[in-house]
Each structure stands twice: as structure tokens, then as C-alpha cells.
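Accompanying notes for the structure given below.
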Amino acid sequence: MTITFIRFINLILAALLAGTSFGILIGLNPNNYTPATYLEQQQQLVLSLNIPMVSLVIAATIVTIISAFLQRNNRSVYIILLIAAIFFASCIFISTFGNLPIQTEMLNWKTDSLPSNWTSLRDKWWTLHTVRTIAELVALTLIAWTTSMSAVNSSQEKKNGS
């Protein structure tokens, strides 16, 4: 029952994280925004999502590692989940060393005095967000795959045992 619960939590955390990032990716591409719209949208995004997204990626990484450890007797599931955890950990590094410094700088910008390099910082942030979203989607896919395969294997074991 513990493994089933951890798998469930793992899948939910991964889906919330990847889903939020994917929604931003498909719905908030900043390339056609005016400077004022971009700045307002980005500052609101950072202020409203920074803490929840950081919390989600840390929780998803930890729960994925716990899930892998609990399923270490199944070598393929164990390895796939460790790979998923590495993808989540890469998101932490991308955010910490890429997105967050740009976001911190953006929070101090004013629409009437944007820095001359604001578009290059915008584009760098967007590229990092895209890479981070892909990593989260890969991790989600790996977690969903192992969860599905574990359910299929469990069902077959019950069928063969009866």
C-alpha cells in the first residue's frame, strides 16, 4: 500500500509541475508582447508561481527518489525513476542558475526604464523555461510509464496467482 500511495503522489506532483510549465509554454510566449505587457505579465508570473513551482520541483524530485528506492527490487523501474529524478534535479539547476537570476533582475524593472538588453534576457529566460519544461515532461513520462507498467505487472501477477 505504501508503494501505491507513493506512486500516486509521485504522478500527481509530476503532472502538476509539468502541466503548469507546459501551460506557460503554450500560452504565454512573450515574443509578441509589448514591453509593458511583457514586464507586467512576467512580474505577476514570478510573484505568483515562484514559491509553488520551486516547492513542486523539490517535492517531485524527493518523492521520485523515494519511489525509486521503494521499488529497487525491480531494476528497470528503479533505474527509470532515478533518471526521472535526474531530470527533475536538472530543472532545479536550470532554475537556480538560469531563470531565477533573470527573474530577480526583472522584478526591479520599471516599464519606463527597461534595460537596453531586456529582450536578450527575455529570450534567455524563455529558452531556459522551454528546456526546463521539456525536462519536466520527460520526467512525467518516465514516471507515468513506470506507474502504468507496475499496474500491468501487478494485475498479471494477480491473474496468474488465482
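The structure presented is a predicted model; accordingly, all values stated were derived computationally and were not measured.
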Q.
If you compare all heavy atoms of T104 against all heavy atoms of N108, which two are closest, and at what distance to 0.1 Å?
A. O-ND2, 3.4 Å

Q: Using the rule that two of Ile, Leu, Val, Met, Phe, Trp, Tyr join whenever any of their side-chain heavy atoms come within less than 4.5 Å, decide whether W145 and I83 are in one cluster.
A: yes

Q: Following the transitive rule for hydrophobic clusters with a side-chain heavy-atom cut-off under 4.5 Å over Ile, Leu, Val, Met, Phe, Trp and Tyr, establish whether I92 and M53 coincide in one cluster.
A: yes

**Q.** Distance, nearest 0.5 Å, that separates CG of L82 from OG of S67
**A.** 10.0 Å

Q | Minimum side-chain heavy-atom gap N10-T146 below 4.5 Å | A | no

Q) Are the side chains of F88 and L17 in touch, meaning some heavy atoms are under 4.5 Å apart? A) yes

Q) Can you name the side-chain contact (heavy atoms from CB on, under 4.5 Å) partners of A36, sequence neighbours left out? A) T34, T111

Q | Non-hydrogen side-chain atoms of N50 and L100 separated by less than 4.5 Å | A | yes

Q: Report the distance from atom CZ of F69 to atom CD1 of I3, rounding to the nearest 0.5 Å.
A: 10.5 Å

Q.
When you measure from the side chain of H129 to the backbone of N99, do you find a donor-acceptor pair of N or O atoms at a distance under 3.5 Å?
A. no

Q: Would you kindly confirm whether I65 and I79 end up in one hydrophobic cluster when ILVMFWY residues are joined by side chain heavy atoms under 4.5 Å apart?
A: no

Q. Are R122 and W126 in a cation-pi contact, defined as NZ or CZ under 6.0 Å from the six-membered ring centre and within 45° of the axis?
A. no

Q) Roughly how far apart are L16 CG and E136 CD, rounded to 0.5 Å? A) 11.0 Å

Q: Taking S90 for its side chain and F87 for its backbone only, find out whether a donor-acceptor pair lies under 3.5 Å.
A: yes

Q: Taking atom CG of N31 as the centre, report whether more than 12 heavy atoms of other residues, nucleotides or ligands fall under 6.0 Å from it.
A: yes

Q.
Please report the interatomic distance CD1(I94) to OG1(T127), rounded to the nearest 0.5 Å.
A. 11.5 Å

Q.
Other residues, nucleotides and ligands only: do more than 12 of their heavy atoms fall within 6.0 Å of OH on Y33?
A. yes

Q: Quick one: do V46 and M106 satisfy side-chain contact (heavy atoms from CB on, under 4.5 Å)? Show the steps, please.
A: CA-CA 9 Å; V46 169; M106 277 188 218; 5.9 Å; no

(Q) Could you check whether any side-chain heavy atom of L13 comes within less than 4.5 Å of a side-chain heavy atom of I9, counting everything from C-beta outward? (A) yes

Q.
Applying side-chain contact (heavy atoms from CB on, under 4.5 Å) to S95 and Q103, what does each step give before you reach the verdict?
A. CA-CA 10 Å; S95 294; Q103 290 169 192; over 6 Å; no

Q. Would a hydrophobic clustering, with Ile, Leu, Val, Met, Phe, Trp and Tyr connected at side-chain separations under 4.5 Å, put V57 with I62?
A. yes

Q) Roughly how far, to the nearest 0.5 Å, is CD1 of I51 from CG of L56? A) 12.5 Å

Q | Common cluster, I143/F5, ILVMFWY with side-chain heavy-atom separation under 4.5 Å | A | yes

Q. Which residues pass the side-chain contact (heavy atoms from CB on, under 4.5 Å) test with L45, sequence neighbours left out?
A. I24, L28, Q41, Q42, L49, W125

Q | Name of the residue among L128, T133, I134 meeting side chain to side chain contact (heavy atoms under 4.5 Å, CB included) with T130 | A | I134

Q: Could you tell me which non-hydrogen atom of A89 sits nearest to which non-hydrogen atom of T61, and how far apart they are?
A: N-OG1, 3.9 Å

Q. Which value, rounded to the nearest 0.5 Å, describes the distance between L81 atom CG and N74 atom CG?
A. 9.0 Å

**Q.** Distance-minimising heavy-atom pair for T64 and A84
**A.** CG2-CB, 4.0 Å

Q.
Could you check whether R75 makes a cation-pi contact with Y78, meaning its NZ or CZ is under 6.0 Å from the centre of the six-membered ring and within 45° of the ring axis?
A. no

Q. Of the options L140, I6, V63, which is the one that meets L11 in a side chain to side chain contact (heavy atoms under 4.5 Å, CB included)?
A. L140

Q.
With a 4.5 Å cut-off on side-chain heavy atoms, are L114 and T119 touching?
A. no

